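Each chain gets a letter, A, B and so on, in the order the sequences are listed, and its residues count up from 1. None of the values given here were measured: they were computed from a predicted structure.
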There are 2 protein chains.
Amino acid sequence: MNECTLPSSLPEEVEQALLRCGGIEGFLRDLPKDHELLKRSALYRALADPIRLKILAMLRDQPLCVCIMKSILGIADSKLSYHLNVLKKAGLIEGGKRGSWIIYSITEAGREFV
Amino acid sequence: MNECTLPSSLPEEVEQALLRCGGIEGFLRDLPKDHELLKRSALYRALADPIRLKILAMLRDQPLCVCIMKSILGIADSKLSYHLNVLKKAGLIEGGKRGSWIIYSITEAGREFV
DNA sequence: TCTTAAATTCAAAGTATTATGAAATGTCAT
DNA sequence: ATGACATTTCATAATACTTTGAATTTAAGA
């Protein structure tokens with residue numbers, strides 16, 4: 001599955017450490033699986049923007065409508081919409097209609113990062 | 001500092017919530033500062049890649065030389081070097097010479113994300 | 001119905017990140 | 001010195017992400 005040829009010689013301490021965790025096989029076995037790494041990196045990517053972190057912070061204590069977030073952030077509608085969508089896709093916030101407004105709130109998952 | 005004009009009317013529940021946290025001024029005061037948001041988003045950006053998360057996982061239990069990481073990841077030297085550098089700049093790993101090898105280890109900061 | 005406000009969608013432009021291969025650096029052993 | 005290996009650096013190409021402004025959708029009120 002994960003074919004890998006080791007270098008012919010290694011630093012002493014690294015060699016030792018590898019033996020201690022069951023050789024290279026044991027070492028590979030304990031690494032997180034690729035789909036897990038992809039999932040986590042996608043989550044971090046959603047968090048990797050100051051505007052989005054600020055949105056999460058704003059939603060910490062109460063849900064808010066887009067228009068308030070817009071006036072506080074001072075950015076264009078479409079830009080805000082883009083970032084809200086990134087956060088929503090990542091499962092960090094969720095939004096629902098309320099009359100002609102759309103109100104976003106933070107999810108459990110999102111709350112871990114405020 | 002953060003000039004912002006609020007919408008003329010707001011959803012009832014949002015209006016209430018804003019009052020509860022000291023009006024718009026109180027709300028703004030409690031938000032994280034910009035440099036803080038920038039710092040955190042930079043950290044998340046460094047974590048936003050499966051290869052880099054895998055490197056952190058590999059370093060969890062012991063330091064490793066580049067050659068081992070290369071053979072396990074199966075990627076080009078220069079590519080690995082690039083990602084190691086991203087992690088290093090973010091303060092998540094650190095590397096030191098050991099003979100003709102360079103051995104990387106995880107930092108305290110990095111350990112929080114494995 | 002007509003108008004207005006709240007949000008989203010879309011395509012194009014702008015910017016940042018990542019991948020690639022060749023060249024360079026430094027270290028060790030011969 | 002020379003050769004071999006470990007790693008980095010660099011320029012460039014490829015890809016991904018973000019911004020922008022115009023157009024669209026939807027709901028509410030006159």
Side-chain angles (χ1 to χ4, degrees), chain A residues 5-15 37-38 41-55 59 63-90 93-105, chain B residues 5-15 37-38 41-55 59 63-90 93-105:
Chain A
T5 18
L6 290 182
S8 46
S9 81
L10 288 175
E12 184 74 14
E13 52 196 289
V14 171
E15 190 112 43
L37 294 170
L38 276 173
S41 64
L43 179 61
Y44 288 131
R45 199 164 325 120
L47 293 164
D49 182 287
I51 292 180
R52 294 198 288 268
L53 289 181
K54 196 161 182 178
I55 292 173
L59 295 176
L64 292 174
C65 55
V66 179
C67 51
I68 272 217
M69 297 194 261
K70 180 193 158 189
S71 55
I72 291 178
L73 291 170
I75 60 179
D77 292 352
S78 58
K79 185 168 169 178
L80 176 50
S81 215
Y82 166 76
H83 287 292
L84 287 172
N85 195 244
V86 172
L87 289 169
K88 192 162 71 172
K89 275 187 192 160
I93 65 175
E94 56 195 1
K97 277 204 171 162
R98 205 96 181 71
S100 64
W101 291 290
I102 294 181
I103 296 194
Y104 281 94
S105 48
Chain B
T5 16
L6 290 182
S8 46
S9 80
L10 288 174
E12 183 73 15
E13 52 196 291
V14 170
E15 190 112 42
L37 294 170
L38 276 172
S41 64
L43 179 61
Y44 288 131
R45 195 152 43 244
L47 293 163
D49 183 286
I51 291 180
R52 295 199 287 269
L53 290 180
K54 195 161 183 178
I55 292 174
L59 295 176
L64 292 175
C65 55
V66 179
C67 52
I68 272 216
M69 296 194 261
K70 180 192 158 189
S71 55
I72 290 176
L73 291 170
I75 60 180
D77 291 352
S78 57
K79 184 167 168 177
L80 177 50
S81 215
Y82 167 75
H83 287 292
L84 288 171
N85 195 245
V86 172
L87 288 169
K88 192 162 72 175
K89 275 188 191 158
I93 65 173
E94 57 196 2
K97 276 202 170 160
R98 203 97 180 74
S100 63
W101 291 289
I102 294 183
I103 296 193
Y104 282 94
S105 47

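Not a single donor-acceptor pair under 3.5 Å links the side chain of B/Ser81 to the backbone N or O of B/Asp77.
Taking atom NZ of residue A/Lys88 and atom P of nucleotide C/dA7, one finds them 12 Å apart after rounding to whole Å. For the pair A/Leu80 CG and C/dC10 C1', the interatomic distance rounds to 17 Å; values are reported in whole Å. Straight-line distance from the CD1 atom of B/Ile51 to the C1' atom of C/dT18: 9 Å, rounded to whole Å. Atom CG of B/Leu87 and atom P of C/dT18 are 10 Å apart (whole Å). The interatomic distance linking B/Lys79 (NZ) with C/dT18 (P) rounds to 11 Å, in whole Å. As rounded to whole Å, 12 Å separates atom P of C/dG21 from atom CG of B/Asp77. We find that CG of A/Leu73 is positioned 15 Å from C1' of D/dT19, with the value rounded to whole Å. We find that CG of A/Leu84 is positioned 17 Å from C1' of D/dC17, with the value rounded to whole Å.
Exactly one residue among A/Lys88, A/Lys54, A/Arg52 makes a side chain to side chain donor-acceptor pair (under 3.5 Å) with A/His83. That residue is A/Arg52.
Atom CG of residue A/Leu80 and atom CD1 of residue A/Ile55 lie 5.0 Å apart, to the nearest 0.5 angstrom. From B/Lys89, atom NZ reaches atom CG of B/Leu84 across 12.5 Å, with rounding to the nearest 0.5 Å. With rounding to the nearest 0.5 angstrom, the CD1 atom of B/Ile75 is 4.5 Å from the CD1 atom of B/Ile51. Rounded to the nearest 0.5 angstrom, B/Leu64 CG and B/Ile102 CD1 are separated by 14.0 Å.
For A/Trp101, the side-chain atoms get nearest to C/dA6 when compared with the rest of D/dT20, D/dT7, C/dA6. Taking every side-chain heavy atom of B/Asp49 into account, C/dT18 is the closest of C/dA7, C/dG21, C/dT18.
When all heavy atoms of A/Leu10 and B/Cys67 are compared, the pair lying nearest together is CD2-SG, 4.0 Å.
Residue A/Tyr104 places none of its side-chain N or O atoms closer than 4.0 Å to OP1 or OP2 of C/dA6. At the phosphate of C/dA19, OP1 or OP2 sits under 4.0 Å from a side-chain N or O atom of B/His83.
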Polar-atom pairs under 3.5 Å, protein N or O versus N or O of nucleotides 13-17 of chain C: list them with distances, or write none.
unit_1	atom_1	unit_2	atom_2	d
C/dT17	OP1	B/Arg45	NE	3.3

Show each protein N/O and nucleotides 25-30 of chain C N/O combination with a separation under 3.5 Å, one pair to a line.
unit_1	atom_1	unit_2	atom_2	d
C/dG26	O3'	B/Lys97	NZ	3.3

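No side-chain heavy atom of B/Leu73 sits under 4.5 Å from any side-chain heavy atom of B/Lys79.
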Which is it for B/Tyr104 and B/Leu87 under the side-chain contact (heavy atoms from CB on, under 4.5 Å) test, yes or no, and what are the steps along the way? CA-CA 10 Å; B/Tyr104 282 94; B/Leu87 288 169; over 6 Å; no
